[in-house]
Amino acid sequence: MRKMNFAAGPSVMPMEVLEEIQKNIVDYHGKGLSMIEASHRGGMFEEMYDECLADFRSLLSIPDDYDVYFLGGGATLQFTMIPMNFLLKGSHADYVRTGSWSNKAADDAAKIGDVNIVFDGKDGNYTSLPDPLTVRPSEGSSYFYLCSNETIGGIEWQDFPDTGDTPLIADMSSDMLSRPVDVKKFAMIYGGVQKNLGPAGATFIIMRHDMLERRNSGLTAYMDYAKHAKDKGLYNTPPVFSIWAVGLVLKWIKANGGAEGMLRNAKEKSDYIYDVIDSSDFYRSPVDKRYRSRMNVVFRCPTEELEAKFVAESQREGMIGLKGHRSVGGLRASLYNALPLEDAASLAMFMKEFERRNG
Ligand code: PMP
(Lines give C-alpha, C1' and ligand atoms only; values in the text may rest on other atoms or scores of the structure.)
Protein backbone atom coordinates (compact mmCIF):
# COMPACT_ATOMS: atom_id res chain seq x y z
CA MET A 1 0.00 0.00 0.00
CA ARG A 2 1.23 3.51 -0.86
CA LYS A 3 2.36 5.52 2.18
CA MET A 4 0.76 8.78 3.18
CA ASN A 5 3.84 10.95 2.91
CA PHE A 6 4.01 13.99 5.20
CA ALA A 7 7.78 14.42 4.80
CA ALA A 8 9.27 17.91 4.53
CA GLY A 9 11.30 17.28 1.39
CA PRO A 10 12.10 15.25 -0.59
CA SER A 11 8.40 14.64 -0.41
CA VAL A 12 5.27 13.29 -2.03
CA MET A 13 5.01 13.40 -5.83
CA PRO A 14 1.77 13.29 -7.84
CA MET A 15 0.94 9.68 -8.72
CA GLU A 16 0.22 10.67 -12.33
CA VAL A 17 3.73 12.08 -12.65
CA LEU A 18 5.38 8.97 -11.22
CA GLU A 19 3.41 6.86 -13.70
CA GLU A 20 4.34 9.12 -16.60
CA ILE A 21 8.02 8.80 -15.66
CA GLN A 22 7.67 5.05 -15.36
CA LYS A 23 6.07 4.86 -18.79
CA ASN A 24 8.80 6.90 -20.46
CA ILE A 25 11.94 6.21 -18.47
CA VAL A 26 13.32 3.65 -20.95
CA ASP A 27 11.97 5.05 -24.19
CA TYR A 28 10.97 8.72 -24.16
CA HIS A 29 7.83 8.99 -26.27
CA GLY A 30 9.08 6.46 -28.82
CA LYS A 31 12.39 8.25 -29.47
CA GLY A 32 14.43 5.13 -28.70
CA LEU A 33 16.27 6.93 -25.92
CA SER A 34 15.67 7.83 -22.29
CA MET A 35 15.51 11.51 -21.36
CA ILE A 36 18.27 10.82 -18.82
CA GLU A 37 20.53 9.52 -21.59
CA ALA A 38 20.00 12.48 -23.88
CA SER A 39 22.44 15.36 -24.27
CA HIS A 40 21.39 18.63 -22.71
CA ARG A 41 22.55 20.24 -25.98
CA GLY A 42 20.23 18.10 -28.08
CA GLY A 43 16.74 18.71 -29.42
CA MET A 44 15.00 16.18 -27.21
CA PHE A 45 16.11 17.86 -24.01
CA GLU A 46 15.72 21.38 -25.41
CA GLU A 47 12.11 20.78 -26.41
CA MET A 48 11.22 19.40 -22.99
CA TYR A 49 13.13 22.17 -21.19
CA ASP A 50 11.57 24.99 -23.20
CA GLU A 51 8.12 23.63 -22.45
CA CYS A 52 8.97 23.34 -18.76
CA LEU A 53 10.17 26.96 -18.61
CA ALA A 54 7.13 28.17 -20.58
CA ASP A 55 4.77 26.37 -18.20
CA PHE A 56 6.58 27.81 -15.20
CA ARG A 57 6.23 31.30 -16.67
CA SER A 58 2.56 30.90 -17.44
CA LEU A 59 1.66 29.39 -14.06
CA LEU A 60 3.11 32.41 -12.26
CA SER A 61 2.53 35.04 -14.98
CA ILE A 62 6.25 35.78 -14.87
CA PRO A 63 6.92 39.00 -16.83
CA ASP A 64 9.22 38.91 -19.86
CA ASP A 65 11.94 40.95 -18.17
CA TYR A 66 12.63 38.08 -15.76
CA ASP A 67 15.05 35.24 -16.51
CA VAL A 68 13.87 31.78 -15.48
CA TYR A 69 16.12 28.75 -15.27
CA PHE A 70 17.32 25.91 -13.05
CA LEU A 71 20.67 25.39 -11.34
CA GLY A 72 22.18 22.59 -9.26
CA GLY A 73 23.62 22.91 -5.76
CA GLY A 74 20.34 23.09 -3.90
CA ALA A 75 18.79 26.19 -2.40
CA THR A 76 21.79 26.26 -0.06
CA LEU A 77 24.16 27.33 -2.84
CA GLN A 78 22.01 30.43 -3.30
CA PHE A 79 22.79 31.48 0.29
CA THR A 80 26.31 32.12 -1.09
CA MET A 81 25.59 33.15 -4.68
CA ILE A 82 23.14 35.89 -3.71
CA PRO A 83 25.56 37.90 -1.53
CA MET A 84 28.48 37.18 -3.86
CA ASN A 85 26.57 38.74 -6.73
CA PHE A 86 24.40 41.37 -5.09
CA LEU A 87 25.91 42.42 -1.76
CA LEU A 88 27.67 45.39 -3.27
CA LYS A 89 31.07 46.44 -1.99
CA GLY A 90 30.75 49.29 0.50
CA SER A 91 27.08 48.56 1.08
CA HIS A 92 25.11 46.11 3.24
CA ALA A 93 22.14 43.77 2.80
CA ASP A 94 18.98 43.49 4.92
CA TYR A 95 18.02 40.08 6.24
CA VAL A 96 14.96 39.00 8.18
CA ARG A 97 15.82 36.20 10.61
CA THR A 98 12.69 34.12 10.98
CA GLY A 99 14.01 30.60 11.52
CA SER A 100 16.49 27.97 10.38
CA TRP A 101 16.56 28.76 6.67
CA SER A 102 16.70 32.55 6.70
CA ASN A 103 19.25 32.28 9.52
CA LYS A 104 21.50 30.06 7.44
CA ALA A 105 21.21 32.49 4.54
CA ALA A 106 22.02 35.46 6.79
CA ASP A 107 24.97 33.63 8.37
CA ASP A 108 26.45 32.83 4.96
CA ALA A 109 25.92 36.39 3.71
CA ALA A 110 27.68 37.77 6.80
CA LYS A 111 30.81 35.85 5.75
CA ILE A 112 30.78 37.70 2.45
CA GLY A 113 29.80 41.24 3.44
CA ASP A 114 27.91 43.43 5.87
CA VAL A 115 24.51 42.19 6.95
CA ASN A 116 21.87 44.28 8.65
CA ILE A 117 19.32 42.28 10.63
CA VAL A 118 15.96 43.97 10.13
CA PHE A 119 14.15 41.56 12.44
CA ASP A 120 15.26 38.63 14.56
CA GLY A 121 12.60 36.22 15.81
CA LYS A 122 15.02 34.62 18.29
CA ASP A 123 13.39 35.92 21.49
CA GLY A 124 10.04 34.50 20.40
CA ASN A 125 11.71 31.22 19.43
CA TYR A 126 11.02 31.97 15.76
CA THR A 127 7.27 31.58 16.05
CA SER A 128 6.32 34.92 14.52
CA LEU A 129 7.17 37.37 11.73
CA PRO A 130 7.55 41.13 11.52
CA ASP A 131 4.49 43.00 10.29
CA PRO A 132 4.87 43.05 6.49
CA LEU A 133 3.08 46.40 6.37
CA THR A 134 5.65 48.18 8.51
CA VAL A 135 8.96 46.38 7.98
CA ARG A 136 11.14 48.35 5.56
CA PRO A 137 14.63 48.15 4.08
CA SER A 138 17.38 50.25 5.62
CA GLU A 139 18.98 53.20 3.89
CA GLY A 140 21.49 52.22 1.20
CA SER A 141 20.79 48.49 1.39
CA SER A 142 21.86 46.31 -1.56
CA TYR A 143 18.81 44.07 -1.20
CA PHE A 144 16.20 42.85 1.26
CA TYR A 145 16.11 39.11 1.92
CA LEU A 146 13.42 36.89 3.41
CA CYS A 147 12.29 33.26 3.44
CA SER A 148 8.60 33.08 2.50
CA ASN A 149 7.97 29.85 4.39
CA GLU A 150 10.17 28.51 7.16
CA THR A 151 9.91 24.78 6.55
CA ILE A 152 11.13 23.80 10.01
CA GLY A 153 9.35 26.41 12.15
CA GLY A 154 6.12 26.31 10.14
CA ILE A 155 5.72 30.08 9.66
CA GLU A 156 4.76 31.65 6.35
CA TRP A 157 4.55 35.24 5.14
CA GLN A 158 0.96 35.89 4.05
CA ASP A 159 1.83 39.30 2.57
CA PHE A 160 5.18 40.68 1.56
CA PRO A 161 6.76 44.00 2.48
CA ASP A 162 6.96 46.84 0.03
CA THR A 163 10.69 47.42 -0.34
CA GLY A 164 10.45 50.22 -2.90
CA ASP A 165 13.62 50.45 -4.98
CA THR A 166 15.49 47.98 -2.80
CA PRO A 167 15.44 44.59 -4.54
CA LEU A 168 13.36 42.03 -2.67
CA ILE A 169 14.82 38.51 -2.73
CA ALA A 170 12.88 35.51 -1.44
CA ASP A 171 13.62 31.87 -0.76
CA MET A 172 10.35 30.13 -1.72
CA SER A 173 11.67 26.58 -1.50
CA SER A 174 8.77 25.25 0.49
CA ASP A 175 5.74 27.21 -0.66
CA MET A 176 6.44 27.81 -4.34
CA LEU A 177 3.30 27.37 -6.44
CA SER A 178 1.20 26.56 -3.40
CA ARG A 179 -0.43 29.95 -4.01
CA PRO A 180 -0.34 32.75 -6.57
CA VAL A 181 2.61 35.15 -6.18
CA ASP A 182 2.96 38.62 -7.61
CA VAL A 183 6.39 38.06 -9.11
CA LYS A 184 6.76 41.76 -9.98
CA LYS A 185 7.22 42.56 -6.28
CA PHE A 186 10.42 40.54 -6.25
CA ALA A 187 13.81 41.05 -7.84
CA MET A 188 14.56 37.38 -7.34
CA ILE A 189 12.70 34.28 -6.21
CA TYR A 190 14.45 30.96 -5.87
CA GLY A 191 14.14 27.58 -4.20
CA GLY A 192 14.87 23.88 -4.24
CA VAL A 193 12.27 21.93 -6.20
CA GLN A 194 12.11 18.95 -3.84
CA LYS A 195 8.96 20.02 -2.00
CA ASN A 196 6.22 21.29 -4.29
CA LEU A 197 7.80 20.88 -7.70
CA GLY A 198 9.61 17.58 -8.10
CA PRO A 199 12.49 15.33 -7.09
CA ALA A 200 15.64 16.87 -5.57
CA GLY A 201 18.33 18.12 -7.90
CA ALA A 202 17.18 21.35 -9.50
CA THR A 203 16.93 24.82 -7.96
CA PHE A 204 14.63 27.26 -9.69
CA ILE A 205 15.78 30.83 -10.26
CA ILE A 206 13.44 33.64 -11.25
CA MET A 207 15.36 36.89 -11.56
CA ARG A 208 14.60 40.32 -12.92
CA HIS A 209 17.05 40.83 -15.73
CA ASP A 210 18.25 44.24 -14.57
CA MET A 211 19.67 42.68 -11.41
CA LEU A 212 22.61 41.59 -13.53
CA GLU A 213 23.57 45.21 -13.97
CA ARG A 214 24.01 45.70 -10.25
CA ARG A 215 26.11 42.71 -9.42
CA ASN A 216 29.71 42.51 -8.21
CA SER A 217 32.36 41.84 -10.82
CA GLY A 218 35.19 39.32 -10.79
CA LEU A 219 33.07 36.28 -9.95
CA THR A 220 34.10 32.78 -10.96
CA ALA A 221 31.97 31.36 -13.76
CA TYR A 222 29.49 29.20 -11.85
CA MET A 223 28.98 31.84 -9.18
CA ASP A 224 28.04 34.46 -11.76
CA TYR A 225 24.30 34.68 -12.48
CA ALA A 226 25.03 36.42 -15.78
CA LYS A 227 26.63 33.23 -17.10
CA HIS A 228 23.51 31.22 -16.27
CA ALA A 229 21.01 33.82 -17.44
CA LYS A 230 22.74 34.13 -20.81
CA ASP A 231 22.12 30.48 -21.61
CA LYS A 232 18.87 29.93 -19.59
CA GLY A 233 20.71 27.74 -17.09
CA LEU A 234 22.63 25.68 -19.63
CA TYR A 235 26.06 27.15 -18.94
CA ASN A 236 26.93 23.71 -17.56
CA THR A 237 25.11 20.38 -17.42
CA PRO A 238 21.76 20.89 -15.68
CA PRO A 239 20.08 18.32 -13.40
CA VAL A 240 18.23 16.72 -16.30
CA PHE A 241 16.19 14.10 -14.47
CA SER A 242 14.93 16.56 -11.90
CA ILE A 243 14.02 19.11 -14.57
CA TRP A 244 12.13 16.51 -16.61
CA ALA A 245 10.08 15.59 -13.56
CA VAL A 246 9.49 19.25 -12.66
CA GLY A 247 8.12 19.79 -16.16
CA LEU A 248 5.62 16.99 -15.57
CA VAL A 249 4.67 18.34 -12.14
CA LEU A 250 4.05 21.78 -13.65
CA LYS A 251 1.66 20.20 -16.17
CA TRP A 252 -0.06 18.42 -13.30
CA ILE A 253 -0.42 21.73 -11.43
CA LYS A 254 -1.88 23.33 -14.57
CA ALA A 255 -4.38 20.51 -14.94
CA ASN A 256 -5.39 20.91 -11.31
CA GLY A 257 -6.31 24.58 -11.26
CA GLY A 258 -2.88 26.22 -11.30
CA ALA A 259 -1.67 28.27 -8.36
CA GLU A 260 -5.25 29.14 -7.36
CA GLY A 261 -6.17 25.47 -7.34
CA MET A 262 -3.12 24.64 -5.23
CA LEU A 263 -4.09 27.37 -2.76
CA ARG A 264 -7.63 26.01 -2.42
CA ASN A 265 -6.23 22.56 -1.68
CA ALA A 266 -3.60 23.91 0.70
CA LYS A 267 -6.28 25.77 2.65
CA GLU A 268 -8.51 22.72 2.86
CA LYS A 269 -5.69 20.41 3.94
CA SER A 270 -4.17 22.74 6.51
CA ASP A 271 -7.63 23.61 7.90
CA TYR A 272 -8.21 19.91 8.63
CA ILE A 273 -5.13 19.84 10.83
CA TYR A 274 -5.34 23.31 12.42
CA ASP A 275 -9.03 22.71 13.25
CA VAL A 276 -8.07 19.63 15.22
CA ILE A 277 -5.33 21.54 17.02
CA ASP A 278 -7.57 24.53 17.81
CA SER A 279 -10.45 22.45 19.10
CA SER A 280 -8.23 20.45 21.44
CA ASP A 281 -6.49 20.94 24.79
CA PHE A 282 -4.16 18.11 23.90
CA TYR A 283 -2.43 19.49 20.81
CA ARG A 284 -0.98 22.94 20.54
CA SER A 285 0.62 24.98 17.80
CA PRO A 286 3.55 27.17 18.84
CA VAL A 287 3.13 29.42 15.80
CA ASP A 288 1.55 32.91 15.78
CA LYS A 289 -1.89 32.28 14.23
CA ARG A 290 -1.45 35.13 11.75
CA TYR A 291 1.54 33.47 10.14
CA ARG A 292 0.73 29.79 10.28
CA SER A 293 2.15 27.88 7.35
CA ARG A 294 -0.23 26.04 5.04
CA MET A 295 2.64 23.83 3.92
CA ASN A 296 4.30 22.75 7.17
CA VAL A 297 1.96 22.41 10.12
CA VAL A 298 4.01 22.25 13.30
CA PHE A 299 2.35 21.01 16.48
CA ARG A 300 3.05 19.54 19.90
CA CYS A 301 1.53 16.92 22.21
CA PRO A 302 1.55 17.43 26.00
CA THR A 303 4.81 15.42 26.41
CA GLU A 304 7.72 14.25 24.28
CA GLU A 305 6.83 10.66 25.17
CA LEU A 306 3.40 11.16 23.62
CA GLU A 307 5.01 12.68 20.56
CA ALA A 308 7.23 9.63 20.13
CA LYS A 309 4.17 7.43 20.53
CA PHE A 310 2.31 9.55 17.95
CA VAL A 311 5.09 9.04 15.43
CA ALA A 312 5.29 5.29 16.03
CA GLU A 313 1.53 4.75 15.84
CA SER A 314 1.02 6.97 12.80
CA GLN A 315 3.70 4.95 11.00
CA ARG A 316 1.74 1.81 11.67
CA GLU A 317 -1.20 3.51 9.93
CA GLY A 318 0.96 4.14 6.87
CA MET A 319 1.71 7.79 7.67
CA ILE A 320 5.35 8.80 7.38
CA GLY A 321 7.40 11.94 7.95
CA LEU A 322 5.48 13.35 10.90
CA LYS A 323 8.41 13.75 13.27
CA GLY A 324 9.44 17.38 13.71
CA HIS A 325 12.87 18.50 12.51
CA ARG A 326 15.65 17.26 14.79
CA SER A 327 16.57 20.85 15.68
CA VAL A 328 13.17 21.72 17.17
CA GLY A 329 11.45 18.43 18.05
CA GLY A 330 7.66 18.08 18.18
CA LEU A 331 5.59 17.04 15.20
CA ARG A 332 5.25 18.43 11.71
CA ALA A 333 2.87 17.57 8.90
CA SER A 334 4.06 18.78 5.51
CA LEU A 335 1.09 19.18 3.19
CA TYR A 336 2.68 19.93 -0.17
CA ASN A 337 0.71 20.24 -3.39
CA ALA A 338 0.90 16.56 -4.30
CA LEU A 339 -0.41 15.33 -0.94
CA PRO A 340 -3.94 14.05 -1.60
CA LEU A 341 -6.76 15.76 0.33
CA GLU A 342 -7.76 12.39 1.73
CA ASP A 343 -4.36 11.93 3.35
CA ALA A 344 -4.73 15.19 5.27
CA ALA A 345 -8.25 14.13 6.28
CA SER A 346 -6.89 10.75 7.44
CA LEU A 347 -4.25 12.48 9.54
CA ALA A 348 -6.88 14.73 11.14
CA MET A 349 -8.92 11.63 12.02
CA PHE A 350 -5.88 9.86 13.40
CA MET A 351 -5.08 12.92 15.54
CA LYS A 352 -8.55 12.95 17.06
CA GLU A 353 -8.42 9.24 17.72
CA PHE A 354 -4.95 9.53 19.28
CA GLU A 355 -6.17 12.31 21.56
CA ARG A 356 -9.19 10.26 22.61
CA ARG A 357 -6.94 7.39 23.64
CA ASN A 358 -4.21 9.46 25.29
CA GLY A 359 -5.83 12.74 26.36
N1 PMP B 1 15.35 26.93 2.16
C2 PMP B 1 14.27 26.30 2.64
C3 PMP B 1 13.06 27.11 3.00
C4 PMP B 1 14.29 24.92 2.82
O5 PMP B 1 13.22 24.29 3.32
C6 PMP B 1 15.45 24.20 2.46
C7 PMP B 1 15.55 22.70 2.58
N8 PMP B 1 14.67 22.08 3.37
C9 PMP B 1 16.55 24.90 1.98
C10 PMP B 1 16.47 26.27 1.82
C11 PMP B 1 17.82 24.20 1.60
O12 PMP B 1 17.58 23.51 0.43
P13 PMP B 1 18.61 22.48 -0.21
O14 PMP B 1 18.62 21.27 0.66
O15 PMP B 1 18.03 22.25 -1.57
O16 PMP B 1 19.95 23.15 -0.28
Side-chain angles (χ1 to χ4, degrees), residues 5-13 69-84 95-111 119 121 126-127 129 143-158 160 168-179 181 186 188-207 222-223 228 233 238-239 241-243 245-246 249 266 270 287 291-298 320-330 332-339:
N5 186 354
F6 297 94
S11 44
V12 58
M13 293 274 295
Y69 52 88
F70 295 92
L71 296 180
T76 302
L77 179 61
Q78 300 307 307
F79 299 167
T80 297
M81 282 180 76
I82 290 165
M84 273 191 151
Y95 275 74
V96 190
R97 293 182 79 104
T98 54
S100 306
W101 296 109
S102 54
N103 287 353
K104 284 190 175 174
D107 291 346
D108 276 351
K111 294 193 175 127
F119 169 90
Y126 299 110
T127 52
L129 295 173
Y143 60 87
F144 186 101
Y145 180 100
L146 59 82
C147 174
S148 62
N149 182 65
E150 287 283 0
T151 321
I152 294 176
I155 50 175
E156 186 175 23
W157 291 78
Q158 307 301 326
F160 296 103
L168 177 58
I169 297 181
D171 171 0
M172 294 199 186
S173 293
S174 50
D175 63 351
M176 188 49 160
L177 273 172
S178 67
R179 54 175 169 172
V181 184
F186 299 85
M188 175 182 179
I189 301 173
Y190 78 94
V193 300
Q194 66 270 26
K195 292 135 196 327
N196 273 322
L197 302 184
T203 306
F204 62 85
I205 308 284
I206 302 170
M207 191 188 293
Y222 196 88
M223 290 296 150
H228 300 295
F241 182 87
S242 177
I243 289 173
V246 169
V249 172
S270 55
V287 176
Y291 306 121
R292 281 175 168 179
S293 170
R294 292 191 198 97
M295 291 290 103
N296 310 98
V297 179
V298 168
I320 60 164
L322 288 163
K323 195 168 189 281
H325 191 269
R326 59 189 184 281
S327 62
V328 293
R332 169 177 55 170
S334 295
L335 311 171
Y336 297 127
N337 289 343
L339 184 88

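Ligands are counted one by one from 1 in listed order, and the atoms in each one are counted from 1 as well.
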Checking the side chain of Ser173 only, and the main-chain atoms of Gly192 only, is there a donor and an acceptor separated by less than 3.5 Å?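 Confirmed, Ser173 side chain pairs with Gly192 backbone.
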Side chains of Asn337 and Ser178: donor-acceptor distance under 3.5 Å anywhere?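 On atom types as modelled, these side chains do not qualify, holding no pair under 3.5 Å.
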Using every non-hydrogen atom in the two residues, find where Val287 and Gly153 come nearest and quote the distance to one decimal. CG2-O, 3.4 Å
Looking at every non-hydrogen atom in both residues, tell me the closest pair between Glu150 and Gly99 and how far apart they are. OE2-N, 3.3 Å
Qualifying residues under side-chain contact (heavy atoms from CB on, under 4.5 Å), relative to Phe119, sequence neighbours excluded: Val96, Thr98, Pro130
Within the 4.0 Å heavy-atom sphere of ligand 1, strictly under, residues: Gly74, Ala75, Thr76, Phe79, Trp101, Cys147, Asn149, Thr151, Asp171, Ser173, Ser174, Gln194, Lys195
ring-ring contact (aromatic ring centres under 6.0 Å, His included) assessment of Tyr143 paired with Tyr95: CA-CA 8 Å; Tyr143 60 87; Tyr95 275 74; 5.8 Å; yes
